[in-house]
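FYI, the numbering just counts along the sequence from 1. All ligand and atom numbering here is 1-based and tracks the order in the structure.
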Amino acid sequence: MAKAKPKRKAAARQTRPGQRRKRAAPNSRPRTTALPQTVADKILRAHCVSGECLPGQPLGLLVDQTLTQDATGTMAWLQFEALGLSRVRTQLSVSYIDHNTLQTGFENADDHAFLQSTAKKYGAVFSRPGNGICHQVHLERFGKPGQTLLGSDSHTPTAGGLGMLALGAGGLDVAAAMGGAPFFLTCPQVVKIDLRGRLRPGVSAKDVILEVLRRISVKGGVGKILEYAGPGVSTLSVPERATITNMGAETGATTSVFPSDHVTRAWLTYQNRGQDFQALAADPKAVYSGGEIKIDLSALEPLAAQPHSPDNVAPISKLQGLKPQQVVIGSCTNSSVKDLVTVAALLAGKRVHEDVSLVITPGSQQVLSALAKNGALASLIASGARVMEPACGACIGMGQAPSSGAISLRTFNRNFKGRSGTADAQVYLVSAETAAAAALSGEVTDPRRLKKSKTFTLPKRAELSDSLLVTPTLQDKSSKIVRGPNIQPLPEFKPLPEEDQGQVLAKFGENITTDDIMPAGAKILPLRSNIPAIAEYVFIGVKPGFASRAKSLGGGFVIGGENYGQGSSREHAALAPRYLGVRAVLAKSFARIHLANLINFGILPLVFKQPVDYDQVDAGHELSLPDLRVRLKSGKTVLVRNVTTAAEWEMTCELTERQLEIILAGGMLNYLKKTLLPPR
Ligand code: MIC
Ligand code: SF4
């Protein structure tokens with residue numbers, strides 16, 4: 001197919017904050033094509049404000065809703081503040097507190113106060129600590145079929161379970177979207193995941209997404225939207241769909257989406273939001289540019305992702321007998337009422353095995369309240385579960401680190417080495433059913449053997465106290481931003497130099513995660529709003545001493561393998577290295593959100609053209625990148641000279657015209673300040 005010419009000027013013209021274009025209804029047939037469309041096509045086309053909805057082409061999307069969470073949100077809101085706007089320009093922006101709730105010192109609470117005051121000042125809904133995990137609460141209270149959602153968290157695609165096009169991004173992209181700017185991305189291909197049959201008892205939605213990961217790996221979704229279709233779809237509830245779209249993030253997919261149907265309507269009605277329903281289905285002969293994967297739900301068996309990668313999947317039957325010291329049920333993947341009521345029904349009247357610590361974290365206050373009302377909570381407590389407040393908690397290493405060398409079964413979505421807070425822990429990702437079975441028997445066992453000992457009735461309508469949601473009032477000009485000592489100013493960066501020279505500070509292999517680059521956990525996460533402090537921990541687990549080396553050498557370069565930066569959306573994995581003086585990352589390939597974050601903070605993402613070039617560079621080598629600005633402006637390659645070995649090679653630097661401007665300016669904030677700021 002002939003490549004469509006990118007619309008050069010259009011992007012810049014349309015990025016002006018507040019300049020919102022009216023969008024068409026997702027179900028209306030676009031003028032540009034008569035082809036039958038997928039659900040993703042419909043939402044993309046209805047929100048496209050620049051570029052072409054053709055796979056591989058740059059696209060600007062209108063953002064209807066945004067979400068931020070505290071760990072990425074402090075930066076996002078500082079960046080929004082730096083844009084100088086008086087109020088958010090989205091239909092809805094929600095600022096959640098769910099990650100940093102341990103409060104072992106003043107840091108978390110400083111962040112909470114800052115975020116509450118920015119929400120008030122700039123017109124965002126504020127979800128207070130204890131209200132729940134952003135994705136669960138958003139699914140319950142705010143998500144709308146057919147709309148777009150941009151979130152500063154990689155699991156934002158959870159809302160795809162409701163028929164939303166929900167994308168994870170760095171905080172700076174979300175800040176720009178809150179200012180009314182479109183979100184820019186490369187138009188993905190759409191893969192059809194055709195679901196047939198019905199899950200058998202003891203097999204769950206978690207096993208569906210583990211099966212997807214088993215088939216396509218942590219790289220298989222890159223550049224793609226995973227769209228679920230087929231008769232199996234209507235057998236899954238919205239929270240089950242959300243488990244699948246949530247963990248679709250682990251395939252590297254841009255997002256995942258389900259159609260919006262009678263099941264979606266029932267969920268919205270349950271949430272007292274029937275008016276938000278909109279039916280959305282793929283046209284009968286829709287063409288899926290990314291191909292098709294068939295899954296027979298009735299043929300699935302319980303699965304687990306073994307240490308240390310979500311795609312290292314094996315059937316539970318092969319893991320029988322493993323003895324976990326810990327079982328944790330929760331996270332944005334598996335903490336719905338359905339999940340926890342299922343666990344309560346399996347555990348009722350029985351005792352958790354004496355060698356297992358069972359930790360349960362409900363996804364939201366609404367979930368906790370439903371469990372309290374129908375007796376499931378008391379039953380779980382009686383069985384010996386440790387019940388935590390609704391938050392991310394153990395998922396991001398905020399408490400509940402396993403004992404040394406322990407096996408921990410978790411219903412979460414990521415099991416990267418060390419993420420649990422214990423470097424040598426062995427974390428397996430499983431369904432709530434498999435977790436419950438192991439908690440009872442003290443070993444991994446097939447949950448299909450376990451019978452429910454009680455039934456807990458689900459409420460007909462959700463309990464809607466919303467007591468921890470603060471809705472913004474009309475603008476209060478006098479409202480002040482609260483800035484405790486943990487809130488440090490944003491660092492400023494210089495434009496890209498003409499010539500760059502420095503040392504290779506570290507060389508890594510494949511699939512380096514953002515948890516490797518910028519770890520989280522109870523010690524480091526509270527420093528997210530203090531870049532000089534958090535920068536000390538860059539690569540701490542995989543390359544101790546990196547920060548001091550980078551500082552003493554005045555910065556340098558990092559080498560990576562395939563899929564560099566997979567995992568979280570945390571822009572700190574770009575911002576903190578940049579603060580330490582990292583000016584380019586040379587890798588075989590990059591994960592989508594991290595690539596965007598590198599560009600947003602002015603770090604050159606350079607891709608090796610051939611494996612031999614990766615092989616001929618090592619840590620400690622001195623590199624020189626000559627004529628950078630000239631080369632980037634005239635093409636998409638950069639010359640790398642290895643001063644140590646005298647080798648020389650070219651690397652690819654694929655940038656859209658807008659990304660090039662951002663890189664030249666030294667980062668997106670500089671670019672936005674230069675080009676987009678409205679008069680104050
Ligand atoms: C995660 O699951 O890794 C996180 C913590 O939610 C991150 C966001 C962050 O690092 O703050 C994510 O998924 O984007
Ligand atoms: Fe929170 Fe874990 Fe979900 Fe990330 S994956 S948003 S840390 S619950």
[X]: numbered ligand 1 atoms lying under 4.0 Å from its heavy atoms:
| X | value |
| --- | --- |
| D153 | 4 (C), 6 (O), 7 (C), 8 (C), 12 (C), 13 (O), 14 (O) |
| H99 | 4 (C), 5 (C), 6 (O) |
| S569 | 12 (C), 14 (O) |
| T72 | 9 (C), 11 (O) |

Cation-aromatic face contact R578/F493, 6.0 Å, 45 degrees: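 Here R578 passes the 6.0 Å and 45° test against F493.
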Between [X] and [Y], is any side-chain donor less than 3.5 angstrom from a side-chain acceptor?
| X | Y | value |
| --- | --- | --- |
| S589 | E562 | yes |
| Q116 | R128 | no |
| T513 | D516 | yes |

For ligand 2, does [X] get within less than 4.0 Å through its side chain, its backbone, both, or neither, judged by non-hydrogen atoms?
| X | answer |
| --- | --- |
| H99 | side chain |
| D98 | neither |
| N246 | neither |
| R414 | neither |

I'd like to know whether F142 forms a ring pair (Phe, Tyr, Trp, His ring centres under 6.0 Å) with H138, so could you lay out the CA-CA distance, the side-chain angles of the two residues, the decisive distance to 0.1 Å, and finally the verdict. CA-CA 5 Å; F142 303 111; H138 213 84; 5.5 Å; yes
4.0 Å heavy-atom contact, H135 with ligand 2: yes
Polar proximity ligand 1 side, R419 side, N/O cut 3.5 Å exclusive: yes
H155 N/O/S atom closer than 2.8 Å to atom 1 (Fe) of ligand 2: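 Under 2.8 Å: H155 has no N, O or S contact with atom 1 (Fe) of ligand 2.
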Looking at F508 versus F539, is the centre-to-centre ring distance below 6.0 Å?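 Under 6.0 Å, so yes.
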With heavy atoms under 4.0 Å as the rule, classify the contact between H572 and ligand 1 as side chain, backbone, both or neither. neither
Taking the side chain as every heavy atom from C-beta outward, state whether Q400 and M388 have any pair of such atoms under 4.5 Å apart.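 When only atoms from C-beta onward are counted, M388 and Q400 do touch, with a gap below 4.5 Å.
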Under 2.8 Å from atom 2 (Fe) of ligand 2 - does any N, O or S atom of C332 fall there? no
